[in-house]
Structures are given as C-alpha cells and as structure tokens.
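In the text below, chain A, chain B and the rest are named by the order of the sequence lines, each starting its count at 1.
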Amino acid sequence: MSKSKKPKGVILVSFEYPPRRLTKTSDVVFKLAQHLTKQKVKTHVITFDDWRSGTEVEKKIIVTRIPNHIPNNISPFSTIMNLKPAYQSAITSVLQKEQIDVIHFFNWQTLPLLIPWGSSLDAAKMYTASSVQLTRDASSSPHNDGIKKVEQKSLKELDFILADSIAVMKFLHNDYEIDEKKVLLQPLIDINYSKNIYLIYQKMVEKTELKKEVKKGKK
Amino acid sequence: MSLNVLMLSWEFPPFKVGGLASHVYDLSKMLVKKGHAIHIVTCSFPGAPDYELVDGVHVHRFDAYEIPAPEFLQWDLNMNVLMEKKAIEIINEYNIDIIHAHDWLVASAAIGLKHLLRKPLIATIHSLERGRRNGLFNDGQHMIDQIENFLIQEAWHNIVCSQYMQSLCHFSFIFPNDKMTIIPNGVRYDDFSVKLSKGDAVKHHKKYAQIEEQIVAYIGRLVPEKGVNILLGAVKPVLEKMPNTKFVVAGEGWHRNELQRIAKELDIEEKVLFTGYLPEEDFLAYFNVSDILVVPSTYEPFGIVALEGMATKTPIIVSDVGGLSEIVDHQWTGMKVPADNSQALADSIIELLTNETLRTRIVSNAIDKLKHVYDWFIIADHTIKVYQNVFDEWKDHSWKTKEDLVKFKIKK
C-alpha cells in the first residue's frame with residue numbers, strides 16, 4: 001500500500017461513544033479512533049450523549065457531541081429523526097474546514113441523514129452494521145417498517161458495509177437487497193478490527209481517487 | 001436583482017389542509033410576477049404530476065408516504081428526509097440563493113439543507129403550537145414546540161404575520177425581535193368582489209334563512225379556539241331585540257357535536273343553522289347574503305377569514321385577540337369586542353344590524369385598507385425586501401461553502 005493512499009481525515013459518526021455505552025460499538029469506535037490517530041489520520045468522532053454536547057480533543061481525537069434540540073419526543077424513532085439536523089450541522093462544519101476521505105457510520109440511529117445527503121457527500125461512505133431492524137424486532141408494524149425503510153434507503157447510499165455477523169450479512173443480502181460486493185463480514189470482536197478497517201479505508205481512498213480522476217476525464 | 005428561491009411547504013394547491021397552501025401559492029405567484037424564480041417542494045397526492053409550472057411557479061412533488069409511520073408526527077419527520085432529498089435534486093439542477101421554509105412541518109428538511117448548502121434560511125412562522133393548543137399538554141405538543149423553536153433559531157431571519165405572533169415568538173423562545181419581520185397575510189380581494197343578481201341573492205339567502213331574516217354568519221373550523229360557543233351565547237340577547245335574525249355556522253370540526261348540544265340546551269336550535277362544509281360554488285354567495293360576519297376566536301395568530309369578509313364587503317365583528325386586533329380598527333374597518341364575552345358580542349351585533357351608516361362606513365374603509373395593506377402585490381414587495389437584505393448580509397458573511405467563498409468575495 002503506497003503512502004499516498006493513506007486517508008488524511010476520517011469522520012466516525014456514532015450514536016454511542018465512551019463514556020456512553022449502549023452496545024459494544026461504543027468501545028470499538030473509541031479503539032478505532034485511537035488506532036487512526038496513531039497512523040496520523042486526523043480523526044473526528046461525531047456522536048450523541050444524553051447529558052452533554054460540545055467539541056473537545058481527547059487523546060488527539062476530536063470528539064463532537066451533538067446537541068439535542070428536541071428533548072421531548074413521542075418515541076425513540078422520532079428522537080432519531082429529530083437528531084438528524086444536529087448530525088448534519090456537525091458533519092458539514094468539519095467538511096468545510098478539512099479534507100475528509102472517509103465517513104464511517106456506526107449504529108442505525110446515525111443513518112437517516114444519508115437518505116437526503118448520500119449523493120452529496122464526496123467522501124467514501126461506510127457503515128458498520130451490528131444489527132438491522134429485522135434482527136432487533138422482526139414483527140411488522142408501521143413503527144418497525146418505518147425504521148426498516150429508513151435503513152433500506154440509507155444503506156443504498158453507502159459505498160461499503162461491514163457486517164458484524166453472518167446473520168446480519170444474510171439479512172442485508174436477502175431482505176435489504178444490498179449488492180453482495182458492497183458487504184464484507186467483519187465482526188466487531190475481532191482483535192484486528194481497527195487494523196483491518198484502516199486497510200479498508202486505504203482501499204476506499206484509492207477507489208475514490210480513481211473515481212475522481214475518471215470524473216475529471218483524466219483516464 | 002432576481003433571486004432563485006427554494007420554498008418548502010408540505011401543502012400546495014390543489015392539496016390543501018389549512019390556509020398554508022393558499023398563502024404559499026398567492027405569495028409565490030406574485031414573487032414570480034416581480035421577476036424572481038420560485039421553486040416549491042411539496043408533498044404529492046394521487047394523480048399529481050411530479051413537476052408542473054403553475055402560474056410561473058416551479059412545483060416539484062415527491063412521494064411523501066414512502067416511509068411507513070404509526071401516526072402523523074412520525075410521518076412528518078419521515079416525510080422531511082424525503083423532501084430534503086427531492087430539494088437536493090432541484091438544487092443540483094438550479095442555482096438556489098435562498099431557502100424559505102413554511103412552518104415547523106418542514107423544519108428538519110430546511111435545517112439540513114441550510115447546513116449542506118450554507119445558504120440563508122428564511123422561515124415563515126404562521127402560528128405556534130402553544131397558541132394553537134392554548135398550552136402544551138403532552139409529549140407530541142412539546143416536541144412540536146421545540147421544533148418550532150429550533151427552526152426559529154436556525155433561520156437567518158423569520159417572517160411572522162402579526163405583531164401578536166412576533167410577541168409570542170419573542171416571549172416564548174427569548175428570541176430577538178430584530179430577527180423577525182412582520183409581513184401580514186394577503187387576500188385576492190378582486191376575486192371576492194362578486195355582486196349577486198337579485199334573483200341569485202334571494203336563492204342563496206333562502207338556503208340559510210327566511211327571506212325576512214337578517215343573517216349573522218360564521219365560517220371556519222369548528223374547534224374550541226374559534227369561539228363559536230361565544231357566538232351561540234350571543235344568540236338569545238340578539239333575538240330579544242331583533243327576532244328576525246338567523247345565525248349560520250358554516251364549516252366542520254370535531255367540536256361540532258358539542259356546539260349543537262349547546263344550541264339545544266340554550267333552546268336556540270331553530271335560529272342556528274349548522275351547514276357543514278360549504279360547497280366551493282356557494283362560498284362567495286354565502287358572504288354576499290350575510291349581513292354580518294362574526295369571527296369570535298379566542299386564539300388567532302392572524303385571522304385570514306376577516307380579510308375575506310372585508311373583501312366581500314361584509315361588515316365584520318372580531319374578537320380583540322391576536323392578529324384580528326391588528327386587522328380591525330374599531331368602528332372604522334370593523335367592530336372589535338372583548339374575547340370570550342357573549343354579551344359584548346350581542347351588543348355589537350345589534351349595533352351593527354341597526355346602524356346602516358356604520359355598516360356602509362366600515363365596508364368602504366375595509367376595502368381601502370385591503371388595497372393599501374393586504375394586497376399580495378404589496379406583501380410580495382415586503383417579502384422581497386427581506387430576501388434582499390438577508391442575501392446581502394449573507395454575501396458579506398464568511399459562512400459559505402468553499403465554492404461560494406470564491407464566487408461571492410467579501411467586500412471588507
């Protein structure tokens with residue numbers, strides 16, 4: 001892998017980050033961010049916290065906790081949709097200032113912004129799928145079907161998806177109709193998770209650069 | 001300078017839920033006449049084209065029901081991501097200078113677009129949830145209230161329809177008045193000035209009352225804040241002095257059964273007619289055969305029905321609340337009575353029914369005020385001034401995309 005293909009900047013978008021822990025994803029994001037900074041990749045984490053917001057630098061990782069403008073909600077689903085503008089504001093603030101090569105989404109709660117913005121974001125877009133609505137609650141209801149549709153529509157906007165398990169991978173292929181080439185099995189508990197992800201980022205940067213060159217008509 | 005404006009409104013004619021659709025239509029049509037390009041992004045409905053040019057206004061529709069939802073509020077939030085996606089398609093095709101959002105229903109899309117485009121967002125706040133509900137009593141109402149606040153804070157500038165609304169926004173959200181401009185709603189008064197032939201007038205009058213009866217009319221939704229119960233309370237005192245009076249309540253709403261129960265309890269059923277929704281073709285004739293139009297609301301951010309009454313040359317009596325207080329100059333362009341006071345309303349009805357000079361003066365002055373204040377031509381001019389000021393401020397501000405920073409060099 002040549003040095004030029006190293007990502008300059010990465011945004012990790014998550015719904016949990018230490019000290020907030022809902023699932024194992026929280027610590028995985030933290031370890032990945034640490035690994036990236038060691039590789040001299042400028043790393044932003046944009047996340048949500050129940051009780052605080054603002055930006056701080058923690059061990060060279062720039063962590064932005066988005067504000068919750070709509071604290072009263074009718075359901076967890078409405079909470080997620082109402083957080084979308086705050087994630088968007090935080091992401092564009094970074095994109096305006098720095099070169100970002102990869103935006104990596106964790107937790108389905110961060111996905112809704114991809115429905116409108118998917119094609120407008122120049123950086124490579126990745127998602128780590130530790131679950132899908134069908135693994136969380138497979139029963140059919142307007143609520144569950146709505147979340148599934150949000151997932152379906154946003155997953156189509158991504159360049160690459162990492163599935164945490166074979167079960168999730170199967171759902172992505174069969175029920176969400178995601179192209180098999182776009183999905184890779186990468187368990188979160190893999191001790192080499194961060195290293196593997198970094199290699200994937202490098203490949204994605206290479207791909208994105210190729211795409212840009214083709215677009216410019218250089219090739 | 002001609003501006004390209006992207007307007008977000010969940011309703012647009014012929015899909016109408018409230019007064020918002022007509023407002024957006026009348027305003028955008030007039031802005032086009034004044035040389036600006038207006039693109040409306042709005043919800044589709046069965047049979048509607050995805051795109052059409054309506055009186056010069058570009059109307060872009062999208063399927064707003066693609067994401068299932070258990071109820072209306074969640075549907076609205078889901079609809080916003082679809083609206084935002086559609087808007088981005090339009091932005092990629094046209095060069096947009098300003099985003100103009102109408103009400104909380106499109107807030108999430110508008111705020112998302114503002115951050116992506118780094119273009120100024122203007123919001124028209126037509127009313128507030130805390131006013132519509134006379135307080136906030138459940139999570140849904142609190143959520144809407146917070147979305148309204150979020151939109152107001154995120155907008156570069158806000159437009160409100162009355163001093164009352166400005167004050168409500170100011171005190172509700174500790175929001176500075178200089179970030180709000182009052183621009184009233186308008187009325188196409190020429191469309192309302194229809195004079196019926198004697199024969200038609202008699203025909204329509206008979207639909208509602210005996211020929212010898214004078215008609216005191218109400219039109220609007222039948223919901224508590226419209227104060228129809230206060231009008232019912234005024235019926236008996238009026239009938240005691242003027243027995244040849246008929247009270248007609250046109251419109252529908254969930255409060256109708258309760259209002260009919262009150263009419264029965266007061267033993268005035270024979271003198272009060274509930275018509276339900278008026279057919280479109282009867283709308284103007286209804287105003288025309290009415291001797292007085294009453295707007296007894298207890299909450300009204302603006303009160304467009306008062307303008308419609310004025311435009312049809314029907315003398316109006318309104319409650320001294322909200323935007324109605326600003327539309328009507330007492331005994332000059334209409335009559336004002338204290339809100340929630342049936343006796344005062346009855347006294348005013350009697351005064352107006354018995355004083356022809358007063359009625360004539362009110363009608364004449366009301367038309368004059370419409371022409372000078374509530375003409376869409378004038379309202380569009382006020383709106384353009386806001387657009388222009390905001391756009392000029394933005395041009396001189398560093399909050400832009402990298403491309404716009406190159407395109408619009410800051411003067412300083």
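- Residue contact with chain B, scored on non-hydrogen atoms closer than 4.5 Å, is absent for A:Leu121.
- Applying the 6.0 Å contact sphere to CD of A:Glu56 captures more than 12 heavy atoms from other residues, nucleotides or ligands.
- The structure places CG of B:Leu73 at 8.0 Å from OG of A:Ser78, a figure rounded to the nearest 0.5 Å.
- Side-chain contact between B:Ser108 and A:Met81: absent, with no pair of heavy atoms (C-beta onward) separated by less than 4.5 Å.
- Residue A:Lys170 qualifies as open at atom NZ: its count of foreign heavy atoms under 6.0 Å is 12 or below.
- Heavy-atom neighbours of B:Asn134 CG from other residues, nucleotides or ligands within 6.0 Å: at or below the threshold of 12.
- Across B:Gln141, B:Gln153, B:Arg118, B:Glu66, the residue that shares the most heavy-atom pairs under 4.5 angstrom with chain A is B:Arg118.
- Taking each heavy atom of B:Gly112 and A:Gln88 in turn, the nearest pair found is CA-OE1, 3.2 Å.
- Top candidate by heavy-atom pairs under 4.5 Å with chain A, chosen from B:Ile91, B:Leu77, B:Asp139, is B:Leu77.
- Between chain A and the options B:Asp76, B:Ile111, B:Leu116, the largest number of non-hydrogen pairs under 4.5 Å is found for B:Leu116.
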Could you walk me through whether A:Lys84 and B:Glu84 satisfy the side-chain contact (heavy atoms from CB on, under 4.5 Å) test, starting with their C-alpha distance in whole Å, then the side-chain angles of each, then the deciding distance to 0.1 Å, before giving a yes or no? CA-CA 12 Å; A:Lys84 176 196 71 81; B:Glu84 193 176 340; 2.5 Å; yes

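- Rounded to the nearest 0.5 angstrom, B:Thr401 OG1 and A:Leu95 CG are separated by 12.0 Å.
- Distance check, rounded to the nearest 0.5 Å: OG of A:Ser89 to NE2 of B:His115 gives 3.5 Å.
- Between B:Ile67 and A:Val150, some side-chain heavy-atom pair lies under the 4.5 Å cut-off.
- Heavy atoms of B:Lys86 lying under 4.5 Å from chain A are absent altogether.
- Contact check for B:Phe150 versus A:Pro85: side-chain heavy atoms found under the 4.5 Å cut-off.
- Proximity of B:Glu71 to A:His143: side-chain heavy atoms (C-beta onward) are nowhere separated by under 4.5 Å.
- Atom CD in B:Glu89 sits 8.0 Å away from atom OG in A:Ser119 (nearest 0.5 Å).
- For NZ of A:Lys207, the number of neighbouring non-hydrogen atoms (other residues, nucleotides, ligands) closer than 6.0 Å is 12 at most.
- Taking every heavy atom of both residues into account, B:Gln74 and A:Ser75 meet most closely at OE1-OG, 3.5 Å.
- For the atom pair CD (A:Glu157) and NZ (B:Lys85), the distance works out to 4.0 Å, reported to the nearest 0.5 Å.
- Using a 4.5 Å cut-off between heavy atoms, A:Ser93 touches chain B through backbone and side chain atoms alike.
- When every heavy atom of A:Pro112 is checked against every heavy atom of B:Val81, the shortest pair comes out as O-CG1, 4.1 Å.
- Distance CG/A:Asn72 to CD/B:Gln146: 4.0 Å, rounded to 0.5 Å.
- Between B:Leu82 and A:Lys153 the shortest side-chain heavy-atom distance falls below 4.5 Å.
- Residues A:Ile70 and B:Met143 approach most closely at CG2-CG, 3.6 Å, considering heavy atoms.
- Heavy atoms of A:Lys148 lying under 4.5 Å from chain B are absent altogether.
- Side-chain contact between B:Asn149 and A:His69 is absent, with no heavy atoms from C-beta onward closer than 4.5 Å.
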